[in-house]
Structure formats: structure tokens, C-alpha cells
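See structure below.
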Amino acid sequence: MAGRHVVERIPDLRGRVTRWVRKQKPHLEPVSLGELERGIRSLGIGGRDLLVHASWDGMPHLTAKPSEMLRLLFEIAGDGSTLLMPTHPPEVQRDGVWYYDVERSISRMGLLSECLRRTPGARRSPFPVAPVSAVGPGAADYTRDYRGQSKGTPWGLGSPYWELGEQSGQVLVLGIDFIRTLTLMHCAFDVLLDESPIDDFYEDVTFTVVQGGRAERWNVLRQRREMERQLATLAFRRMAIRSGTVRVLSIKGIPICGLDARAFLDWHLPIARKTGLPYWGFRRRKRTQVRAG
């Protein structure tokens, strides 16, 4: 009914949408792996532990295979460094409980993410919300069980995202605007917990986590899905770029972003504590003031 009302108010809407869908996509000039590498390195990325967010579909004119791209990412991270990627599993329920198999659940975070998960020697974190896969000397530390340290939150103290900052690591975003995928934005709130200005931020979620053939029930905290509607992403994107902690460029239409994890976390933490950005319009937490006797 709502859709019919919109069509009636805008008579040519269907025709406009049809023309937009059928509109030819602009020709994209091919991008070589060498060009992409030069762009990445121009952002100061390389030689450290590296967390990569990548959309293979966002690089359709890259003249390389996924295996070649993955090999390049290892080279950029460098010998002695660890390569990480988020490998969030599909949201599946069994017997009414969310289910995550550390070894077998595929990654829904894109082709390159799944390729890294399947790389020989890769380790994967058991935390069922926002796990990572990692290859390199620090893989075991990045993929440990950190529930106690983070107070049951996915991005808090001890998480691979927070630890990336502790290890002076870097983040690289390829083929997608960083504001749509930068998981480090969540760290501040899981670190602040009760110091966060946002009230009713979490929901309790139970998972069945299978690791090494053994199933265990995990009770964790997850940011309420409703909070996604209160993200001021465009404003926060401008703030992050102006801060100098986030560096962006485009290589023939492929968006690239690079940042140092520690610098970004140190910049965002006080902003999150004071304003709650990038969230806005939320119900503020009530502060209890204690008067001196």
C-alpha cells in the first residue's frame, strides 16, 4: 500500500527507476596490482600487523586474481607481521540459539576474507561476534578467548581490534568507503562500557560456539541492532578525515583508506566518551552525582 501511494504521488517513478537500472555503467580503466600497491604504500601502509577490510566486488577492474591480491597483502604487511581480516560468520540458528563453528563457519565478509580463513596456518578467534582470521607470528594472540578481559563485548579490551592498536598495527580498507566497514569505530564503546554516554546500548545474546568438535554455550553482549539507525556516518567520516588519522585516496575508482590503529583509537575514545559519535539522537545515560557530606 505504501509503495502504491508513492507511485501515485510520483507518476513517472517506475520509468525513472527502470532507466536507472538499465543505465550503462561507466567504463572503468583497468588497474594493475602494481598500481594498487603503489597507492596503498603511498598512504604509509606496510611493515606492521595489518587488518584488512576488502570488497572484491568493489574492485571489478583490478587485473589480478584473489590469490595474487592476498599474496600482495602479505608482502605489504611484511615478514614478521601478522595479516588479519574480519571473518564474521553467517547468522544461523540451531534449536533457537545462534550458532558459530570456529573451524567450519564460512566468512560472510567477502571473497578475500574467506580466502584468508582457508589459508594454511590461519587461526580464527572463537568470539562469535566479529571474529577475525589471522596468519603470522601474532595470530595466536589475536585469536585468543578474550571474553573475561572485554567483559563479554566483541570490540573491547583484549579483542583483536583493540590489540591491533596495542601492537601499533594498521588498518587498510579496499574497494569500499571506510565509513561503511571500519570496525575500529566500535572499540571505544566496548572499552568505555558504563562510561559511555549511550544508555541501553547492548543486548544479551546466547551462542553455541563449536571449537575442536566441542560445543559450548557463550553468553555475550552485542550492540543493539537498532543503534545502526542512529549512525551519523557522513558527519563522522568528515571528522575522521579532517583529524588526519584516516588517509584516503582513489585509484581509478577503487577507494582506498589507510590508518594507524593506535592513532585512530586515541582520537576517537574521548569523542565517544563526550558525545557518543558516530551515534546521535540516542537516549543519554543518567549520571549519578554523589554530594560531599
Side-chain angles (χ1 to χ4, degrees), residues 28-29 31-62 64 66 69-70 72-78 81-88 107 109-113 115-116 130 132-134 155 159-165 167-188 228 231-269 271-272 277-279:
L28 296 173
E29 187 178 348
V31 177
S32 71
L33 208 56
E35 288 178 287
L36 189 65
E37 179 181 5
R38 287 190 290 274
I40 292 170
R41 292 191 184 277
S42 74
L43 295 177
I45 298 297
R48 288 187 262 172
D49 291 353
L50 183 63
L51 172 70
V52 178
H53 299 271
S55 170
W56 188 252
D57 290 342
M59 302 181 285
H61 49 310
L62 178 64
M69 183 71 240
L70 195 60
L72 173 61
L73 293 175
F74 277 113
E75 291 175 1
I76 290 173
S81 297
T82 300
L83 181 66
L84 308 90
M85 290 189 191
T87 51
H88 305 11
S107 170
M109 301 303 289
L111 179 60
L112 289 175
S113 169
C115 287
L116 184 70
V132 302
S133 288
W155 288 285
S159 72
Y161 304 95
W162 182 260
E163 284 300 310
L164 189 71
Q167 299 302 320
S168 299
Q170 297 180 311
V171 179
L172 173 65
V173 183
L174 292 171
I176 187 171
D177 193 325
F178 76 89
I179 203 64
R180 294 177 56 192
T181 191
L182 184 60
T183 46
L184 257 64
M185 292 190 301
H186 303 301
C187 286
E228 293 180 4
L231 283 169
T233 50
L234 292 180
F236 191 73
R237 183 184 191 277
R238 290 193 294 268
M239 290 174 60
I241 293 174
R242 285 201 303 264
S243 74
T245 61
V246 172
R247 306 175 293 276
V248 296
L249 61 79
S250 176
I251 301 294
K252 297 179 181 177
I254 297 179
I256 306 175
C257 168
L259 58 96
D260 297 324
R262 181 76 275 151
F264 179 85
L265 293 170
D266 287 345
W267 168 77
H268 184 216
L269 193 63
I271 293 174
L277 283 170
Y279 297 100

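These numbers were taken from a predicted model, which means no experiment stands behind them. Below, each value reflects all heavy atoms present in this structure, side chains not excepted, and no hydrogens, waters or symmetry copies. Sequence positions, counted from 1, serve as the residue numbers for this chain.
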Looking at D49 and S81, would you say the former's side chain and the latter's main chain have a donor-acceptor pair under 3.5 Å?
no
So do the side chains of F178 and I241 get within less than 4.5 Å of each other, counting heavy atoms only?
yes
Do L277 and M239 have side-chain heavy atoms sitting under 4.5 Å apart?
yes
Report yes if the side chains of L174 and H53 come closer than 4.5 Å at any heavy-atom pair, otherwise no.
no
Hey, what do you get for CZ (R237) to OG1 (T233), rounding to the nearest 0.5 Å?
9.5 Å
Main-chain N/O of R262 paired to D260 side chain as donor or acceptor, under 3.5 Å:
no
Determine, step by step, whether W155 and M185 satisfy the side-chain contact (heavy atoms from CB on, under 4.5 Å) criterion, reporting the C-alpha distance in whole Å, the side-chain angles of both residues, the deciding distance to 0.1 Å, and the verdict.
CA-CA 9 Å; W155 288 285; M185 292 190 301; over 6 Å; no
Within the structure provided, determine whether H88 and S107 are in side-chain contact (heavy-atom separation under 4.5 Å).
no
Considering all heavy atoms, the nearest L84-L116 contact
C-CD2, 3.9 Å
Are L50 and V171 close enough that some pair of their side-chain heavy atoms sits under 4.5 Å apart?
no
Between CD1 of I76 and CG of L172, what distance do you get to the nearest 0.5 Å?
6.5 Å
Could you work out, with side chain to side chain donor-acceptor pair (under 3.5 Å) as the rule, every residue matching E228, not counting sequence neighbours?
none
Hey, does the side chain of R48 reach the backbone of Q170 with a donor-acceptor pair shorter than 3.5 angstrom?
no
How many angstroms lie between atom CG of L72 and atom CG of L33, to the nearest 0.5 angstrom?
4.5 Å
Distance-only criterion, 3.5 Å: show the donor-acceptor pairs between side-chain atoms of residues 249-258 and protein atoms not counting sequence neighbours.
residue: S250; atom: OG; partner: G253; partner atom: N; Å: 3.3
residue: K252; atom: NZ; partner: E29; partner atom: OE2; Å: 3.2
residue: K252; atom: NZ; partner: P30; partner atom: O; Å: 3.4
residue: K252; atom: NZ; partner: E35; partner atom: OE2; Å: 2.8

Is the number of heavy atoms from other residues, nucleotides or ligands under 6.0 Å of R41 CZ greater than 12?
yes
Heavy-atom closest contact (T245 atom, S243 atom, distance)
OG1-OG, 2.8 Å
For H268, enumerate each residue passing the side chain to side chain donor-acceptor pair (under 3.5 Å) test, keeping only those at least two apart in sequence or located in another chain.
none
Closest heavy-atom contact between L111 and P66?
CD2-CG, 3.5 Å
Can you tell me how far the NE2 atom of H61 sits from the CG atom of L28, to the nearest 0.5 Å?
4.5 Å
Taking it one step at a time, do W162 and F264 satisfy ring pair (Phe, Tyr, Trp, His ring centres under 6.0 Å)?
CA-CA 11 Å; W162 182 260; F264 179 85; over 10 Å; no
Side chains of L184 and L265, heavy atoms from C-beta outward: is any pair under 4.5 Å?
yes
For A272 and A188, work out which heavy atoms get closest and say how close.
CB-CB, 3.6 Å
When rounded to the nearest 0.5 angstrom, what distance separates CG in L83 from CE in M85?
5.0 Å
Can you check whether M69 reaches W56 side chain to side chain, under 4.5 Å on heavy atoms?
yes
Is the backbone N or O of L51 less than 3.5 Å from a side-chain atom of Y161, with the two atoms forming a donor-acceptor pair by type?
no
Answer yes or no: is there a side-chain heavy-atom contact under 4.5 Å between L182 and L259?
yes
Just how far is it from atom CG of L112 to atom CG of L73, taken to the nearest 0.5 Å?
7.0 Å
Polar side-chain atom of S113 near backbone of P86 as donor-acceptor pair, under 3.5 Å:
yes
